[in-house]
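Here the structure is laid out as structure tokens; the discussion comes afterwards.
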Amino acid sequence: MPTDSPITPLSRALAREASGIAGTATAMVVLEPPANAEFGDLATNVAMTLAGAAKRNPREIAEAIAGSLASADGLAGYIERAEVAGPGFINLTLSPRWFAGAARAIAEAGDDYGRGQADPPERILIEFVSANPTGPPHVGHARQAAYGDGVARILGYAGHDVTREFYVNDWGRQMELFGASVAARYGQLLGLPVEVPAEGYQGDYVNGIAEAMRDEVGDAYRDRVDPPDAEVLAFFAARGQALMLSTMTRDLERFRVRFDAFFSETTLHEGGAVERGLEALIGSGDAYEHEGALWFRTTAYGDEKDRVLRRSDGSSTYLAADVAYHLDKAGRGDDRLLDVLGADHHGYIARLRAVVAAGGYDPGILEVPIVQLVSLTEGGEAKRMSKRAGTLVTMGELMDDIGVDAARFFLVQRSHETAFDLDLDVARAEGNENPVYYVQYAHARIAGILAQAPGEPGDAGPPPDLDPSERTLLLTLCGWPEAVREAEHRRSPHRVASYLMDLARDFHAFYHRCRVVGEPPDVLAFRLHLLRATRSVIATGLGLIGVEAPDRM
RNA sequence: GCGCCAGUAGCUCAGUCGGAUAGAGCGUCGGUCUACGAAACCGAAGGUCACAGGUUCGAAUCCUGUCUGGCGCGCCA
């Protein structure tokens, strides 16, 4: 099954031919559409890259190569014109015969076009979102979810074996505070004069949790929440976080994100893994006592300063659990560990690397993509978000507001390395100003045409000539495998979104210039293949970023 | 002060393993529906790619320095 770009065979043939002529081997040949379509369909800088080694004038080499291409092995019949331009570029115009074959190949490959390019395929564990189950996921989590899941889908499509994991921070002081907050709200529901602790969770959603718990246990704890004893706090914390976690997973599933595993921090503490991790660090000399505390010598692995693992009061830090967690993960045998973190955690990277290295694993297996912050604008003004003021926009509210398709597309449209403002007015619009619909509309339009077109393209020969918009559209389709490869290598789903915008634009332009139904058999056959190929790539691409590809809108 | 990310059109951002005249969406202005979906298309206006040096046939892209913004720098998580 041909899953690579139809340009690749041309590129190989060109490299062979050029190397022969220049008398020196070439490693890389760039063969791609030129910036200006007037130059032709494809352009190559091969003569310029060979000029140095061959010690010859680039233009002279280019002329020689250009002159031989029409009869070259693997190129004959495909090259209509080859011209030398500028400092030594060779501009190629391809024949309708090549275009017809390429369109057909892509259409027939369908969903497999661009798939399975991983080299080599790896077993990859990707951890993302990983929030405290003490509040509903917000817009920042949504961005991390859209990013992490997009990366996971792309890696899987490329041929990697991917596992999605969510680390649940269900242990420690914040859980105690959460339990106390829920207990207080529960007491209030029963009419008791209990106050939520000052440092506790004040958000309205805590009431929802408390109501659910009252429905479960009635007034059984009426006499024990003011003040609450340790057992009561533990109960409210445990039940509260379970309810909160189910809310999160429900939101995430609605967002089309499913995890293969949820890993509880508490199990690390209760199962002794945290203690064993610290012992291991002490044993290997990576941890030491100082001023009553236990320190991790992360500076030995490039960190700015050493970090505390166990406080002088005997309690362990968050890092201690993360040591255990990452030793666990590294020990599972994956080729690669991806930790997707928010920008406010980037200072953690060196520590995590230190854990992996101290555990005796190659620290290179750990990758930590950082997702920058997202803010919202509405009516031209920044929407101030604050947890305290309760103005924080939740993931659920975002989905209610702009829909899942728009949310996923917008949140993944920009590089994860860039902080950006999501304009709610644009994202909310159901009309032509919304980029999501721009791509989806192209898909629906094609579905509409194909529904009216004859079932099979038939076996007609290539069309006599091509419209510029047909050339552009097909050449853009040829770029899909490369777009996937870039997205995979750079862990950048936004490249898929950008590509789809380009493809949709080229399709819409084609649509306005070329008819399909009712054309002569050769033209009809080519255009049907072009439509099928375009629809397939759009559907596949949208799928990789978790957006639906509707046949009607 | 140190570290990470960024600075590209009025706004939000692509493009950054060096390539020809730097792009898209939104916004503005002007055109296009009696043939497959106008949620679309075509055209126009809009740029010292933060600044200054350097590397070379060629720099938004690579190097050095400066300025500006976000985030971080805890025996918090």
Side-chain angles (χ1 to χ4, degrees), chain A residues 28 30 32 34-36 38-39 43 45 48-49 51-52 58 85-89 91 131-132 134 169 171-175 265 290-295 303-305 307-319 321-322 342-350 368 370-373 375 377 380 410 413-423 425-426 429-442 444-453 469 486 489-490 494-495 497-499 501-502 504-505 507-519 527 531 552-553:
Chain A
M28 278 289 292
V30 176
E32 58 186 17
N36 189 334
E38 288 172 20
F39 292 142
N45 64 350
M48 278 135 60
T49 62
F89 290 101
N91 295 323
N132 298 332
T134 56
N169 297 135
W171 195 86
R173 176 153 172 74
Q174 86 276 5
M175 289 313 302
E265 180 184 350
H290 177 64
E291 291 181 350
L294 182 69
W295 294 73
D303 199 5
E304 309 172 328
K305 55 174 81 160
R307 312 288 174 175
V308 172
L309 290 162
R310 192 163 50 211
R311 305 182 187 95
S312 43
D313 68 3
S315 61
S316 59
T317 62
Y318 179 79
L319 176 61
D322 241 0
D344 52 345
H345 284 72
H346 75 255
Y348 222 67
I349 298 175
V368 190
I370 297 296
V371 178
Q372 296 293 327
L373 303 184
S375 44
T377 39
F410 269 78
Q413 200 184 5
R414 272 63 212 249
S415 163
H416 62 282
E417 294 181 323
T418 303
F420 85 104
D421 296 326
L422 196 164
D423 187 334
D425 298 316
V426 174
E430 290 188 2
N432 48 6
E433 64 266 51
N434 196 325
V436 194
Y437 300 120
Y438 187 77
V439 178
Q440 290 184 320
Y441 183 54
R445 238 182 182 175
I446 295 171
I449 300 171
L450 289 177
Q452 299 172 52
S469 66
E486 287 282 312
H489 288 157
R490 301 193 188 201
H494 83 274
R495 283 170 183 271
S498 291
Y499 172 85
M501 288 295 288
D502 288 345
R505 176 169 36 74
F507 166 72
H508 286 308
F510 159 79
Y511 172 85
H512 279 272
R513 290 178 58 93
C514 301
R515 291 191 55 77
V516 178
V517 177
E519 293 295 304
R527 291 183 180 166
L531 288 185
R552 283 169 196 237
M553 302 175 59

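Chain A is the first sequence line, chain B the second, and so forth, proteins listed ahead of strands; every chain is numbered from 1.
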Integer angstrom distance from the C1' of B/C33 to that of B/C41
11 Å
Can you figure out which of B/C13, B/A35, B/A40 approaches the side chain of A/Arg515 most closely?
B/A35
B/A60 and B/A22, which share atom name C1', separated by this distance in whole Å:
7 Å
N/O contacts under 3.5 Å, protein versus nucleotides 69-73 of chain B?
unit_1	atom_1	unit_2	atom_2	d
B/C71	O2'	A/Ala343	O	3.2
B/C73	O2'	A/Lys305	NZ	3.4

side-chain contact (heavy atoms from CB on, under 4.5 Å) partners for A/Glu32, two or more places apart:
A/Val30
Atom pair distance, as rounded to whole Å: OH in A/Tyr437 and C1' in B/A38:
17 Å
Between B/G31 and B/C67, how far apart are the C1' atoms? Round to whole Å, please.
45 Å
Would you kindly give the OH-to-C1' distance between A/Tyr318 and B/A77, to the nearest whole Å?
7 Å
Would you please test A/Leu309 and A/Trp295 for side-chain contact (heavy atoms from CB on, under 4.5 Å) and show each step?
CA-CA 5 Å; A/Leu309 290 162; A/Trp295 294 73; over 6 Å; no
Taking the same atom, C1', in B/A35 and in B/G43, what whole-Å distance lies between them?
24 Å
In whole angstroms, how far is the P atom of B/A24 from the NE2 atom of A/His494?
17 Å
Between B/C76, B/A14, B/A24, which one does the side chain of A/Met501 approach most closely?
B/A24
Touch check for A/Ala497, heavy atoms < 4.0 angstrom, all strands: base, sugar-phosphate only, or nothing?
nothing
What is the nucleic acid contact for A/Asp502, judged by heavy atoms within less than 4.0 Å: base, sugar-phosphate only, or nothing?
nothing
Which whole number of Å gives the distance between the P atom of B/U28 and that of B/C36?
29 Å
Work out how far the P atom of B/G69 is from that of B/G23, and round it to whole angstrom.
31 Å
So what does A/Thr377 hit on the nucleic acid, given a heavy-atom distance under 4.0 Å: a base, only sugar-phosphate, or nothing?
nothing
Quick one: which protein N/O atoms are closer than 3.5 Å to N/O atoms of nucleotides 58-63 of chain B? Pair and distance per line, please.
none

Between the OG atom in A/Ser415 and the CZ atom in A/Phe420, the distance rounded to the nearest 0.5 Å is 10.5 Å
OP1 or OP2 of B/A14 sitting under 4.0 Å from any side-chain N/O of A/Thr418?
yes
Are more than 12 heavy atoms from other residues, nucleotides or ligands located less than 6.0 Å from atom CZ of A/Arg173?
no
Describe the nucleic acid contact of A/Glu291 in one word from base, sugar-phosphate, nothing, applying a heavy-atom distance below 4.0 Å.
base
Indicate whether OP1 or OP2 belonging to B/G15 is found under 4.0 Å from a side-chain N or O atom of A/Arg414.
no
Return the value, rounded to whole Å, for the distance between atom CG of A/Asn434 and atom P of B/G27.
11 Å
Distances under 3.5 Å between protein N/O atoms and the N/O atoms of nucleotides 18-22 of chain B, please, pair by pair.
unit_1	atom_1	unit_2	atom_2	d
B/A20	N6	A/Asn91	OD1	2.7
B/A20	N1	A/Asn91	OD1	3.4
B/A20	N1	A/Asn91	ND2	3.3
B/U21	N3	A/Asn36	ND2	3.3
B/U21	O4	A/Asn36	ND2	3.0

What's the base orientation of B/C41: syn (chi within 90° of 0) or anti?
anti
A/Arg490 side-chain N/O to B/C17 phosphate OP1/OP2 under 4.0 Å:
yes
Mate of B/A6 across any strand shown (Watson-Crick or G-U wobble, both atom pairs under 3.5 Å) is B/U68
A/Arg495 CZ to B/C17 P, in whole Å, measures 8 Å
If only side-chain N and O atoms of A/Gln452 are considered, is one of them under 4.0 Å from the OP1 or OP2 phosphate oxygen of B/G37?
yes
Separation of atom CZ in A/Arg445 from atom C1' in B/A35, rounded to whole Å:
14 Å
Length of the line joining A/Arg513:CZ and B/G43:C1', which is rounded to integer Å
14 Å
In terms of relative ring orientation, are A/His345 and A/Tyr348 parallel, tilted or perpendicular, with 30° and 60° separating the classes?
perpendicular
Partner set under side chain to side chain donor-acceptor pair (under 3.5 Å) for A/His508, not counting sequence neighbours:
A/Arg445
Would you measure the distance from the C1' atom in B/A38 across to the matching atom in B/G46 and give it in whole Å?
26 Å
Which nucleotide, if any, forms a Watson-Crick or G-U wobble pair with B/A24, using both distances under 3.5 Å?
B/U12
Can you find a side chain N or O atom of A/Tyr499 that sits less than 4.0 Å from OP1 or OP2 on B/A24?
no
Rounded to the nearest Å, what distance is computed from the CG atom of residue A/Leu450 to the P atom of nucleotide B/G37?
11 Å
A/Asp423: partners by salt bridge (Lys or Arg N to Asp or Glu O under 4.0 Å), with sequence neighbours left out
none
I want to confirm an ordering. Mapping A/His508 and A/Gln174 to their closest nucleotides on RNA chain B, which one lands closer to the 5' end?
A/His508
Which one, B/A6, B/A77, B/G37, comes nearest to the side chain of A/Ile449?
B/G37
